[in-house]
Protein chains: 2
Amino acid sequence: MISIKISVPEKIYIRNPEDTILGKNIIQQSIILIEELGFEAFTFKKLAGAIESTEASIYRYFESKHHLLVYLVSWYWGWIDYQIAYRTNNIPDNKEKIKIALKVLVDMGKGEMSVDYIDERTLHKIVIAESSKVYHTKSVDTENKDGFFKTYKNLCHTFSKLFLAYKPDYTFSHALASTVLETSQQQIYFSQHFHSLTDVKLGEKPSQKIEDFLVHLVFGLL
Amino acid sequence: MISIKISVPEKIYIRNPEDTILGKNIIQQSIILIEELGFEAFTFKKLAGAIESTEASIYRYFESKHHLLVYLVSWYWGWIDYQIAYRTNNIPDNKEKIKIALKVLVDMGKGEMSVDYIDERTLHKIVIAESSKVYHTKSVDTENKDGFFKTYKNLCHTFSKLFLAYKPDYTFSHALASTVLETSQQQIYFSQHFHSLTDVKLGEKPSQKIEDFLVHLVFGLL
DNA sequence: TGTTTTTAATAGTAAAACTATTTTTTTTTT
DNA sequence: AAAAAAAAAATAGTTTTACTATTAAAAACA
């Protein structure tokens, strides 16, 4: 059995949750609870109740629930980046590589689970619904300096490189990469809540339509 | 002197802040305070202090600070929609119309103020930094039914129509419209906080580069 | 002018966010 | 294996935020 370890920037946590059973419980249950309650209604007290521990114990791992969310989302982007590297490996065609990468973004909600105590499907839902809160704070710049958004920026760089490999002289590779990342989440969210803001027709499979739009977006511009 | 009134969906507020001096004070000062403190640190208590009133009085206008943010952002989208209608009026060329609309999105942070008690420039900053929080909640669907996001959806529809006027058989007009709206905000935010996620070079004017990217995005796809 | 209605302030409560301190458990040393 | 040291987790708080029931003041109306 192989065990994949996604590394998350150190300053995000006080104590690495991967190192202890309690830590892993915190991660596992927080994913379930945040998805269930939404980030605003989620509290360390409720989480403590769910894992039969205490609020104060959770605070020894994460400074605040915001830091915990940053951890989860960072882990997710690291995971996506790894998935793209894995699935595009040995594919010679650059266009095909990009298509695979886009598919990973949209389809993560369906994949089989791979890391024992992390439910990637539920985590995907959290990312769709809550991830923008990770960097929309007054402390962005400090947190950015501390490397809080490193895995997201890495993933953006991965896309940027894929675009440049396909079309070396493209001038907007970074802007397109970040746009693709954000648009993929956003269109999934919109298809679930604001039907009129997407072009997913009744009866159509949203994920397929969104993938089509992303392909159209990327290859229409490159 | 002309007075423009942007109408905001009724269910957002308990009492229309436009109707009283206290209400207008709430709006005016909340814009300043939210921009200054960020939405998380902003409280009705602090706002009450700033306008020399009380928390309870503010609660007679808005059910929660979330509702107040929804009000501000809704007003902003209504205002942008009006600005686009105004500035594209009598322009015969459809391509030119779209370009004007995109310019409005990016340049709102610079315009002169027009509504006495609302500072549009500061409000623009709030929209860039906080607007995604408006619909990323567990209550999206209920609030959507109550019309909370009407002005945003209207604006999206405005763009969609502009795209279809330019290219009647385009299949992704709604998805492109929502993508353009979100991307414009997102790229402004990224240019301010995550330089590496955009292609704004050192010394370049961010707003011009972002406008260029949006034009490239729209006309590369249409 | 007196009555009704609206508006705002007082004075709270409940829950969330966070922390100092103690207790328990684990690890290390002898 | 027992004692000492270190680390982890629980107890029991405090402070702040979000929100509300009730009262007082002001405005509108008959």
Side-chain angles (χ1 to χ4, degrees), chain A residues 10-30 33-34 36-72 117 130 133-134 136-139 142-143, chain B residues 10-30 33-34 36-72 117 130 133-134 136-139 142-143:
Chain A
E10 284 198 359
K11 287 211 173 180
I12 295 173
Y13 48 77
I14 296 168
R15 207 173 135 56
N16 194 340
E18 281 182 324
D19 289 348
T20 63
I21 297 164
L22 180 62
K24 287 177 183 178
N25 277 337
I26 289 172
I27 299 306
Q28 183 176 43
Q29 276 298 319
S30 68
L33 264 184
I34 292 175
E36 202 176 298
L37 307 171
F39 186 64
E40 277 68 39
F42 167 83
T43 67
F44 277 0
K45 196 166 206 169
K46 287 171 189 168
L47 176 57
I51 59 175
E52 291 182 309
S53 177
T54 62
E55 243 184 306
S57 301
I58 299 165
Y59 273 104
R60 311 207 100 258
Y61 287 81
F62 295 100
E63 206 177 302
S64 67
K65 68 174 185 172
H66 172 250
H67 285 75
L68 172 54
L69 184 66
V70 175
Y71 180 94
L72 295 176
Y117 63 97
E130 321 281 3
K133 293 164 192 169
V134 157
H136 282 117
T137 66
K138 268 286 157 183
S139 45
T142 324
E143 294 184 353
Chain B
E10 285 198 357
K11 287 211 171 180
I12 294 173
Y13 49 77
I14 295 168
R15 207 174 136 55
N16 194 339
E18 282 182 322
D19 289 349
T20 63
I21 297 163
L22 179 61
K24 288 178 183 177
N25 277 338
I26 289 171
I27 299 306
Q28 182 174 43
Q29 276 299 316
S30 68
L33 264 185
I34 292 174
E36 201 176 298
L37 306 170
F39 187 64
E40 277 67 38
F42 168 83
T43 67
F44 277 1
K45 196 166 204 167
K46 289 171 187 169
L47 176 58
I51 59 175
E52 291 182 309
S53 179
T54 62
E55 244 184 305
S57 301
I58 299 166
Y59 274 104
R60 309 209 102 260
Y61 288 82
F62 295 100
E63 207 177 303
S64 66
K65 69 174 185 172
H66 172 250
H67 285 74
L68 172 55
L69 184 65
V70 175
Y71 180 94
L72 295 177
Y117 63 97
E130 321 282 4
K133 293 164 192 169
V134 157
H136 283 116
T137 66
K138 268 287 158 181
S139 45
T142 324
E143 294 184 352

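Each chain gets a letter, A, B and so on, in the order its sequence line appears, and its residues count up from 1. Quick caveat, the model's predicted, so the values are computed rather than measured.
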Could you state the [atom1]-[atom2] distance from [X] to [N], rounded to the nearest angstrom?
{"X": "B:R15", "N": "C:dT7", "atom1": "CZ", "atom2": "C1'", "result": "7 Å"}
{"X": "B:N25", "N": "C:dA8", "atom1": "CG", "atom2": "C1'", "result": "14 Å"}
{"X": "B:Y59", "N": "C:dA14", "atom1": "OH", "atom2": "C1'", "result": "12 Å"}
{"X": "B:I58", "N": "C:dT7", "atom1": "CD1", "atom2": "P", "result": "16 Å"}

side-chain hydrogen bond (donor to acceptor under 3.5 Å, both in side chains) pairs touching residues 41-53 of chain B, sequence neighbours excluded, are none
Outermost contacting nts on DNA chain D, any atom under 4.0 Å from chain A heavy atoms, listed 5' then 3', are D:dA8 to D:dT11
Requested in this report: Classify the ring geometry between A:F39 and A:F42 as parallel (under 30°), tilted (30 to 60°) or perpendicular (over 60°).
Outcome: parallel
Here DNA chain C, pairs taken as Watson-Crick or G-U under 3.5 Å and shown with ( ), [ ] when crossing and | when to another strand, reads ||||||||||||||||||||||||||||||
task = Select base, sugar-phosphate, or nothing to describe what A:Y61 touches, counting heavy atoms under 4.0 Å on all strands.
result = sugar-phosphate
Just call it for B:S64: base, sugar-phosphate, or nothing, with non-hydrogen atoms closer than 4.0 Å on any strand.
sugar-phosphate
Across all chains, not counting sequence neighbours, the side-chain hydrogen bond (donor to acceptor under 3.5 Å, both in side chains) partners of B:Y13 are B:N16
CG (A:L47) and CD1 (A:I26) are apart, to the nearest 0.5 Å, by 6.5 Å
CD1 (B:I14) and CD1 (B:I58) are apart, to the nearest 0.5 Å, by 12.0 Å
**Asked** Between B:E40 and A:K133, is the closest basic N to carboxylate O distance under 4.0 Å?
**Response** no
Ignoring hydrogens and geometry, is there a side-chain-to-backbone donor-acceptor pair from B:T20 to B:G23 under 3.5 Å? yes
In numerical order, the residues of residues 37-55 of chain A whose heavy atoms come under 4.0 Å of DNA chain C are A:T43, A:K46, A:E55
Give me, pair by pair, the N or O atoms of the protein and of nucleotides 20-26 of chain C that are less than 3.5 Å apart, along with how far apart they are.
none

